[in-house]
Participant: 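Please read through the structure below; I'll follow up with questions.
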Amino acid sequence: MVVENYKSVLKNVADTCKQSGRKESDVTLIAVSKTKPVEMIEELYSIGVRDFGENKVQELTDKYEKLPKDIRWHMIGHLQTNKVKYLIDTVYMIHSVDSYKLAEVISKEAEKKSKVIPILIEVNVAQEESKFGIQTMECEELIREIAKLPGVAVKGLMTIAPYVENGEDNRKYFRRLKQLSVDIMHKNIDNVCMDLLSMGMSGDYETAIEEGSSYVRVGTGIFGERDYTISK
Ligand SMILES: *Cc1c(COP(=O)(O)O)cnc(C)c1O
């Protein structure tokens, strides 16, 4: 089931790329496996899937231990500074950096291991009160500060758009994130690259791709509904 779902989402990604004149290789589908068992991840791994997303440090590191080491683990959830140290050896990219303090801790922990961790800055473009992420207005200044840290490399921006029935309703937010990344790119800040946009989830990834997404994060569309009532 999960393999068929993945293939059908991947085909939608490819079709949307074609229709919007984008290269398929410029868009990566991240299978968001949070709350889902390693067996399901193994099924996808066996057909060549390597990009998986998790939103909790404990779950990500547990799965890292149990699964092949060439998986690219994307941390997409809110991150507490005291948990960063567990992530450094396991994570491929952190999509959810929303403060200088957090970036500083990631940089410090990364330096201890002589690593540079690729990060994205999470922007709350829809200005939803319930969401993490910085405000659009704060973005450039924060990036200028983070750019000076030796253990992180800013690669772009990320947003979590509101939950909507119709993905089209989020187009304005995806446009806003894209525009912000172009604006910041034009500032030519040293050590900052604005190549990547992490935006689009099960309900709106096609719209996000049309607006320039490089990472779409799809959970439900691949793994089915999540059951949070089962305790781990
Ligand atoms: C859970 C989650 C997703 C996937 O959401 P779906 O609607 O299940 O596709 C994407 N991004 C983030 C940050 C998430 O926490």
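Small disclaimer: the values here were computed from a predicted structure and weren't measured. Remember, it's 1-based here, ligands and their atoms both numbered in the order they're listed.
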Participant: Just how far is it from atom CG of Leu60 to atom CD of Glu65, taken to the nearest 0.5 Å?
Facilitator: 10.5 Å
Participant: Show every donor-acceptor pair shorter than 3.5 Å between a side-chain atom in residues 180-193 and any protein atom, with sequence neighbours excluded, or say none if there are none.
Facilitator:
residue : atom : partner : partner atom : Å
Ser181  : OG   : Lys178  : O            : 3.1
Asp183  : OD1  : Gln179  : NE2          : 2.9
Lys187  : NZ   : Glu140  : OE1          : 3.4

Participant: Can you tell me if Asp51 and His74 form a side-chain donor-acceptor pair at under 3.5 Å?
Facilitator: yes
Participant: Among all residues two or more places apart in sequence or in another chain, which pass the salt bridge (Lys or Arg N to Asp or Glu O under 4.0 Å) test with Lys113?
Facilitator: Asp89
Participant: Does ligand 1 have any N/O atom under 3.5 Å from a protein N/O, and what are those pairs and their distances?
Facilitator:
residue  : atom   : partner : partner atom : Å
ligand 1 : 8 (O)  : Thr220  : N            : 2.8
ligand 1 : 8 (O)  : Thr220  : OG1          : 2.5
ligand 1 : 8 (O)  : Arg226  : NH1          : 2.8
ligand 1 : 8 (O)  : Arg226  : NH2          : 3.1
ligand 1 : 9 (O)  : Ser202  : N            : 3.0
ligand 1 : 9 (O)  : Ser202  : OG           : 2.4
ligand 1 : 9 (O)  : Gly219  : N            : 2.8
ligand 1 : 11 (N) : Arg217  : NE           : 2.8
ligand 1 : 15 (O) : Lys34   : NZ           : 2.6

Participant: Whether Lys63 engages the ring of Phe52 as a cation-pi pair (distance to the six-membered ring centre under 6.0 angstrom, angle to the ring normal within 45°) should be assessed.
Facilitator: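 No, Lys63 does not lie over the aromatic ring of Phe52.
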Participant: Name each donor-acceptor pair under 3.5 Å that joins a side chain in residues 2-11 to protein atoms two or more places apart or in another chain, with its distance.
Facilitator:
residue : atom : partner : partner atom : Å
Asn5    : ND2  : Ile222  : O            : 2.9
Lys11   : NZ   : Asp15   : OD2          : 2.8

